[in-house]
Amino acid sequence: MDADLIFAIGVVVGVFSIPAVISALSEKRAPRVAMFAIVVAGVMVVWAMSENPEGYSVKEIPEVIVRVVAKYLT
């Protein structure tokens, strides 16, 4: 798999799991699934960063996501 694809999926999973954590904590439930999603997202991002020799900067994140969407949807 492409490192950019893994990175983009990890970022999207991480972003979508944050509201799930907040929702679970506000309802006084344990955020088990949401925390598992955050761990999976973190592993995906770290793996993609280790596979990419240049690494990723914060400025590059939107560019990488757009590049992945353009590559796989067109």
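Nothing fancy with the numbering, it's 1 onward along the sequence. Everything numeric here is computed off the predicted structure, so don't read it as measured data.
- With a 4.5 Å cut-off between side-chain heavy atoms of Ile, Leu, Val, Met, Phe, Trp and Tyr, the cluster of Ile18 takes in Ile22.
- A salt bridge links Lys71 with Asp2: the closest approach of a Lys/Arg side-chain nitrogen to an acidic carboxylate oxygen falls below 4.0 angstrom.
- Under the side-chain hydrogen bond (donor to acceptor under 3.5 Å, both in side chains) criterion, Arg32 pairs with no residue, sequence neighbours left out.
- What you find for Ala3 and Ala48 is that their closest heavy atoms are O-CB, 3.3 Å.
- Hydrophobic clustering, with ILVMFWY side chains joined whenever heavy atoms are under 4.5 angstrom apart, keeps Val66 apart from Ile6.
- Linking ILVMFWY residues whenever their side-chain heavy atoms come closer than 4.5 Å, directly or via other members, leaves Val39 and Leu25 in distinct clusters.
- Contact between Ile38 and Ser17 at its shortest, heavy atoms only, is CG1-OG, 3.0 Å.
- Ala24 is linked by a side-chain contact (heavy atoms from CB on, under 4.5 Å) to Arg29, Pro31, counting only residues two or more places apart in sequence or in another chain.
- For the salt bridge (Lys or Arg N to Asp or Glu O under 4.0 Å) test, no residue two or more places apart in sequence or in another chain qualifies with Glu51.
- With a 4.5 Å cut-off on side-chain heavy atoms, Asp4 and Asn52 count as touching.
- At least one side-chain heavy atom of Phe7 sits under 4.5 Å from a side-chain heavy atom of Ile61.
- For Thr74 (side chain) and Ala70 (main-chain N/O), a donor-acceptor pair under 3.5 Å exists by modelled atom type.
- Dense packing is recorded around OH of Tyr72, with more than 12 heavy atoms of other residues, nucleotides or ligands lying under 6.0 Å away.
- Hydrophobic clustering, with ILVMFWY side chains joined whenever heavy atoms are under 4.5 angstrom apart, groups Val68 together with Val40.
- Met49 is connected to Val15 through a chain of hydrophobic side-chain contacts under 4.5 Å among Ile, Leu, Val, Met, Phe, Trp and Tyr, so both are in one cluster.
- By the side-chain contact (heavy atoms from CB on, under 4.5 Å) test, Ile9 pairs with Leu5, Val13, Met44, sequence neighbours left out.
- With sequence neighbours excluded, no residue satisfies side-chain hydrogen bond (donor to acceptor under 3.5 Å, both in side chains) with Glu54.
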